[in-house]
Amino acid sequence: MNNLIFLILCIFLYGGIQAKPDEIPGRTALDNFPLIDGHNDLPLNLLKLYHNKLEKYNFHEDWKSNPLAANCGHCHTDFPKLKQGKLGAQFWSAYINCQHSKNQVAETIDQIDVIKRLVHKYRDDLHFSTRSDDILTAFQQKKIASFIGVEGGNSIDNRLSVLRAYYDLGVRYLTLTHSCNLDWADSSIIDNDAYSPKKNLTDFGKAVVLEMNRLGMLVDLSHVSKNVMIEAIGVSRAPIIFSHSSSRFVYNHTRNVDDDVLKLLKENGGIIMVNFFPSFVGDNGSISDVADHINHIVDVTGADHIGIGADFDGIPTTPTGLKDVSEYPNLFDLLRKQNPERWTIENLEKLAGRNFVKVFKKVEDVKLELINESPREDVINN
Ligand SMILES: *[C@@H]1O[C@H](CO)[C@@H](O)[C@H](O)[C@H]1NC(C)=O
Ligand SMILES: *[C@@H]1O[C@H](CO)[C@@H](O)[C@H](O)[C@H]1NC(C)=O
Ligand SMILES: *[C@@H]1O[C@H](CO)[C@@H](O)[C@H](O)[C@H]1NC(C)=O
């Protein structure tokens, strides 16, 4: 055959077998860049179901196959499902109950410790992580980057010394409150309560935020009241995060974030990682409701301030189409199918993890800028 005709034939055939852009499934993004989830409560289930005894627990098994967890309605995570779900990095939550805990600091350290022991036991699959660079390192090694987040400022027991000790243990975010109003910050529960006076974020609360900036710890505003969101964004010298919150315009729940706060978030350079809990995303509780939240937030902030913080293992029900950690890729496929112009593979990579890495790097840069600042003095009242 004439070489030229052969070449033309090859080009023609190659063009024919290449997928059209809108036929490339959204989940392709998760092969290019690690999917980062801002919040998973597996450690709470390790406490509730196994009393933190990892010898009784097998991360490699379907969680249902262990009799201790067989009827668990709030279990959504095991290693095979994480692999199927293409998860690249996870903030594991060190959570304790803010009302019923007897020794908040010790119990928080128990949860930090069980995360570290889990990561150590499964070190061939999990990569203990404290820096933004760890996310890509783990991805290259086909491991899941595993970070620790403490969910609730009650865990610091009004002490900056404890906050600093958590940083040294590897904690990289603190959610300012869970669902208790603290001495120094109001929880979102106050936004449904016409009677309790609002203190917002007190001077000590502002010192907590500034100390976190100095340490290089991410400030998490999921669960706080609207006034605390606004005041914390106002005082923070680094971008903030919402580790697991959705849009209040799409579904009016006080755990979600209003559009005016989303505009402040955009100016601040931070990120909102969307929660999947049907009680927050909408009554139908389907994957398309979650997509509606993501699309609305992108309408308000653009595509650079959005991520995923599903809240698996911390929620009693999950949306259809996103029933457990194996189903994240469905969401990426759906977004792209609905709107391939908006959801280019590049924008899906931003949603998956690029936006979060950018925020984390900026927080690390601010730490370096503040390197000559002294630790803030505690006010010791005893
Ligand atoms: C809390 O924030 C609201 C809204 O900005 C403000 O009106 C109120 O005075 C604040 N309360 C305190 C105690 O600072
Ligand atoms: C949510 O509901 C509250 C109370 O009914 C109302 O004041 C507020 O404007 C609503 N917010 C949105 C975004 O619809
Ligand atoms: C979901 O709920 C909304 C109202 O909240 C309703 O308009 C819509 O038809 C429902 N969709 C499905 C698929 O059930």
Side-chain angles (χ1 to χ4, degrees), residues 98 152-154 156 158 160 174-213 219-268 270-286 288-303 305-307 309 311 315 319 376 379 381:
C98 56
N154 52 291
I156 69 167
N158 293 344
L160 295 176
L174 175 74
T175 317
L176 295 189
T177 74
H178 190 255
S179 43
C180 294
N181 297 314
L182 306 182
D183 293 341
W184 49 273
D186 294 330
S187 160
S188 61
I189 55 163
I190 212 162
D191 291 334
N192 286 325
D193 167 0
Y195 302 104
S196 299
K198 293 183 180 172
K199 69 179 91 66
N200 307 335
L201 190 66
T202 66
D203 286 346
F204 179 76
K206 289 174 182 152
V208 171
V209 169
L210 292 169
E211 190 65 1
M212 290 172 73
N213 294 159
V219 176
D220 178 18
L221 301 181
S222 284
H223 283 288
V224 305
S225 74
K226 182 169 177 181
N227 289 344
V228 172
M229 293 174 191
I230 294 169
E231 293 188 1
I233 291 173
V235 76
S236 180
R237 295 153 92 165
I240 61 88
I241 68 167
F242 290 91
S243 70
H244 57 306
S245 293
S246 301
S247 155
R248 196 160 172 186
F249 177 85
V250 179
Y251 191 72
N252 193 352
H253 190 290
T254 52
R255 272 288 280 103
N256 291 337
V257 182
D258 266 315
D259 285 1
D260 51 349
V261 178
L262 291 176
K263 287 176 190 152
L264 297 175
L265 174 75
K266 180 184 164 84
E267 280 173 42
N268 159 274
I271 188 172
I272 175 166
M273 306 171 90
V274 167
N275 191 310
F276 294 178
F277 187 26
S279 298
F280 301 160
V281 298
D283 296 319
N284 313 352
S286 75
S288 63
D289 293 315
V290 176
D292 290 348
H293 282 263
I294 292 173
N295 280 314
H296 177 73
I297 292 168
V298 172
D299 289 342
V300 177
T301 68
H305 304 277
I306 184 99
D311 210 357
I315 55 181
R376 283 169 182 73
V379 181
N381 290 323

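Numbering starts at 1 and runs along the sequence shown. Ligands are counted one by one from 1 in listed order, and the atoms in each one are counted from 1 as well. Keep in mind that what you see is a predicted model, and the values were worked out from it rather than measured.
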Could you give the distance from CG (Asp292) to CZ (Phe249), rounded to the nearest 0.5 Å? 11.0 Å
Mark up the atoms of ligand 1 that fall under 4.0 Å of a heavy atom belonging to Asn200, in ascending order. 1 (C), 2 (O), 3 (C), 8 (C), 10 (C), 11 (N), 12 (C), 14 (O)
One finds that the ligand 1 atoms under 4.0 Å from a non-hydrogen atom of Lys198 are 11 (N), 13 (C)
Hey, does the side chain of Ser222 reach the backbone of Ser243 with a donor-acceptor pair shorter than 3.5 angstrom? yes
Specify the protein heavy atom at minimum distance from atom 13 (C) of ligand 2: its residue, its atom name, and the distance to 0.1 Å. Asp258 OD1, 3.6 Å
Look at the side chain of Asn268 and the backbone N and O of Ile240, then say whether any donor-acceptor pair between them is shorter than 3.5 Å. yes
Please confirm whether the backbone N or O of Val228 pairs with a side-chain atom of Lys198, one donor and one acceptor, at under 3.5 Å? no
Between Asp259 and ligand 2, which residue portion shows a heavy-atom distance shorter than 4.0 Å: side chain, backbone, both, or neither? neither
Do His223 and Arg255 pair up side chain to side chain, a donor and an acceptor below 3.5 Å, judged on atom types alone? yes
Considering heavy atoms of the protein only, find what lies nearest to atom 5 (O) of ligand 1 and give residue, atom and distance to 0.1 Å. Asn227 OD1, 4.3 Å
Does the protein place any heavy atom closer than 4.0 Å to atom 9 (O) of ligand 1? no
Does Asp259 use its side chain to pair, donor to acceptor, with the backbone of Val300 at less than 3.5 Å? no
Any nitrogen or oxygen of Asn252 lying under 3.5 Å from a nitrogen or oxygen in ligand 2? Just yes or no. yes
